[in-house]
Amino acid sequence: MALLPILCYPDPRLHKVARPVAAVQPRHRTLIADMLETMYDANGIGLAATQVDVHERLIVIDASEARDQPLVLINPEIVWLSPERQRQDEGCLSVPGIYDGVERAVAVRVQALDGDGRTRTIEAEGLLAVCVQHEMDHLLGKVFVEYLSPLKRNRIKTKMLKAARDARESAH
């Protein structure tokens, strides 16, 4: 297992649309293990392959309190969204330190393949439902800050670019 570098907003690679996984291969199992290790190491609850510069429809999630219930969704498709919506603060491993309100469906039903290539249907509500929707957005090339006003988005972009510049300068 290996820690993978996480792309940071506004990296243009975060806007690539992920392609479907044709068949679950051994390399996907390695990627899943690496993504889970990366997500846990970064203290996240979800990570999309897009965020580690792999543009395939694969996400890992663990929204459990004990951090011991990893969920793997390959080629996820939302088959039902609750009509009830709720606004909650979200954060993202690709936008570290930034949290803001996003409105999403309270519950979802998702069909996907698991890490062994078996079809599963997941019912999610609350934090897990938010996380599923957030990570699936990444597969479409969308980062949560795109739900915010242009003013907020530009402030975040400026802050992220400055942080990246400061990190490069302090590395020299």
Side-chain angles (χ1 to χ4, degrees), residues 1-78 89-99 102 108 110-120 122 124 127-146 156-157 159-172:
M1 297 202 313
L3 291 178
L4 303 170
I6 298 172
L7 300 177
C8 280
Y9 181 79
D11 192 308
R13 294 171 290 180
L14 287 168
H15 299 296
K16 281 188 184 177
V17 175
R19 63 187 175 282
V21 172
V24 179
Q25 309 283 332
R27 71 177 179 83
H28 292 106
R29 288 185 187 82
T30 302
L31 176 62
I32 289 164
D34 291 348
M35 285 176 61
L36 283 167
E37 183 180 357
T38 301
M39 177 189 75
Y40 289 129
D41 182 73
N43 239 355
I45 60 170
L47 188 65
T50 301
Q51 293 174 272
V52 293
D53 204 19
V54 176
H55 302 282
E56 294 184 87
R57 293 185 57 79
L58 191 158
I59 60 181
V60 298
I61 293 173
D62 188 345
S64 68
E65 199 68 39
R67 315 287 288 139
D68 61 355
Q69 295 173 37
L71 181 61
V72 175
L73 301 175
I74 299 172
N75 298 334
E77 297 297 332
I78 293 178
D89 271 3
E90 290 185 24
C92 180
L93 294 177
S94 291
V95 196
I98 304 292
Y99 299 88
V102 176
V108 294
V110 177
Q111 200 161 31
L113 300 177
D114 65 14
D116 296 317
R118 292 186 302 254
T119 302
R120 303 185 52 177
I122 309 292
L127 180 60
L128 182 57
V130 168
C131 190
V132 166
Q133 293 170 83
H134 175 110
E135 298 309 328
M136 287 182 68
D137 274 353
H138 279 298
L139 301 179
L140 299 172
K142 189 167 188 172
V143 181
F144 90 96
V145 298
E146 292 170 49
I156 291 166
K157 188 179 202 172
K159 187 175 185 175
M160 297 301 295
L161 289 169
K162 182 183 181 322
R165 191 173 53 248
D166 292 349
R168 279 194 307 275
E169 287 172 5
S170 67
H172 286 73

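Note: hydrogens, waters and symmetry copies are ignored here, and every other heavy atom, side chains too, is used.
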(request) Determine, stepwise, if the pair Val72 / Met35 fulfils side-chain contact (heavy atoms from CB on, under 4.5 Å). (result) CA-CA 10 Å; Val72 175; Met35 285 176 61; over 6 Å; no

(request) Please report the shortest heavy-atom distance between Gly46 and Leu93, naming the atom on each side. (result) O-CD1, 3.9 Å

(request) Only pairs at least two apart or in different chains count here, so list each salt bridge (Lys or Arg N to Asp or Glu O under 4.0 Å) that has a residue in residues 128-138. (result) Arg104-Asp137

(message) Using modelled atom types and a 3.5 Å cut-off, is there a donor and acceptor pairing between side-chain atoms of Glu37 and backbone atoms of Ala33?
(response) no

(request) Would you name the heavy atoms of Ala124 and Ala129 that are closest together and state the gap between them? (result) O-CB, 3.5 Å

(message) Applying the side chain to side chain contact (heavy atoms under 4.5 Å, CB included) criterion to Pro76, which one of Leu58, Val110, Val108, Leu113 satisfies it?
(response) Val110

(message) Please find the pair of heavy atoms, one from Met160 and one from Pro10, that lie closest to each other, and give the distance.
(response) CB-CD, 4.2 Å

(request) Look up atom OG1 in Thr119 and atom CD1 in Ile74, then write down how far apart they are to the nearest 0.5 Å. (result) 10.5 Å

(message) So, taking the atom named CD in Glu77 and the one named CG in Leu139, what distance separates them when rounded to the nearest 0.5 Å?
(response) 9.5 Å

(message) According to ring pair (Phe, Tyr, Trp, His ring centres under 6.0 Å), who are the partners of His134, at least two apart in sequence or on a separate chain?
(response) His138, Phe144

(message) Between Asp114 (side chain only) and Asp116 (backbone N and O only), is there a donor and an acceptor less than 3.5 Å apart?
(response) yes

(request) Verify side-chain contact (heavy atoms from CB on, under 4.5 Å) between His28 and Gln25, making sure each step is shown before the conclusion. (result) CA-CA 5 Å; His28 292 106; Gln25 309 283 332; 3.6 Å; yes

(request) Measure the shortest side-chain to side-chain distance between Leu36 and Asp62 over non-hydrogen atoms and say whether it is less than 4.5 angstrom. (result) no

(request) State, yes or no, whether a side-chain contact exists between Ile45 and Met39 at a heavy-atom distance under 4.5 Å. (result) no

(request) Mark yes or no for whether Ser94, through its side chain, and Leu7, through its backbone, hold a donor-acceptor pair below 3.5 Å. (result) yes

(message) I'd like to know whether Val132 forms a side-chain contact (heavy atoms from CB on, under 4.5 Å) with Ile122, so could you lay out the CA-CA distance, the side-chain angles of the two residues, the decisive distance to 0.1 Å, and finally the verdict.
(response) CA-CA 10 Å; Val132 166; Ile122 309 292; 5.7 Å; no

(request) State, with a plain yes or no, whether a side-chain heavy atom of His15 is found less than 4.5 Å away from one of Glu146. (result) yes

(request) Please check if the side chain of Asn75 supplies one atom and the backbone of Val21 the other of a donor-acceptor pair under 3.5 Å. (result) yes

(message) Using side-chain heavy atoms (C-beta onward) and a distance below 4.5 Å, is Glu90 in contact with Cys131?
(response) no

(request) Calculate, to the nearest 0.5 Å, the distance between atoms CG and SG belonging to Leu14 and Cys8 respectively. (result) 8.0 Å

(request) Would you mind reporting whether Arg57 and Leu73 have side-chain heavy atoms less than 4.5 Å apart? (result) no

(request) Of all the heavy-atom pairs spanning Gly91 and Tyr99, show the shortest one and how long it is. (result) CA-CD2, 3.5 Å

(message) Are the side chains of Leu4 and Asp53 in contact, using a 4.5 Å heavy-atom criterion?
(response) no

(message) A side-chain contact here means heavy atoms from C-beta on lying under 4.5 Å apart; do Thr38 and Leu47 qualify?
(response) yes

(request) State, with a plain yes or no, whether a side-chain heavy atom of Cys92 is found less than 4.5 Å away from one of Ile98. (result) no

(request) State whether the number of non-hydrogen atoms from other residues, nucleotides or ligands found under 6.0 Å of Glu65 atom CD is greater than 12. (result) no

(request) Using the test side-chain hydrogen bond (donor to acceptor under 3.5 Å, both in side chains), find all partners of Thr50 that sit at least two apart in sequence or belong to another chain. (result) none

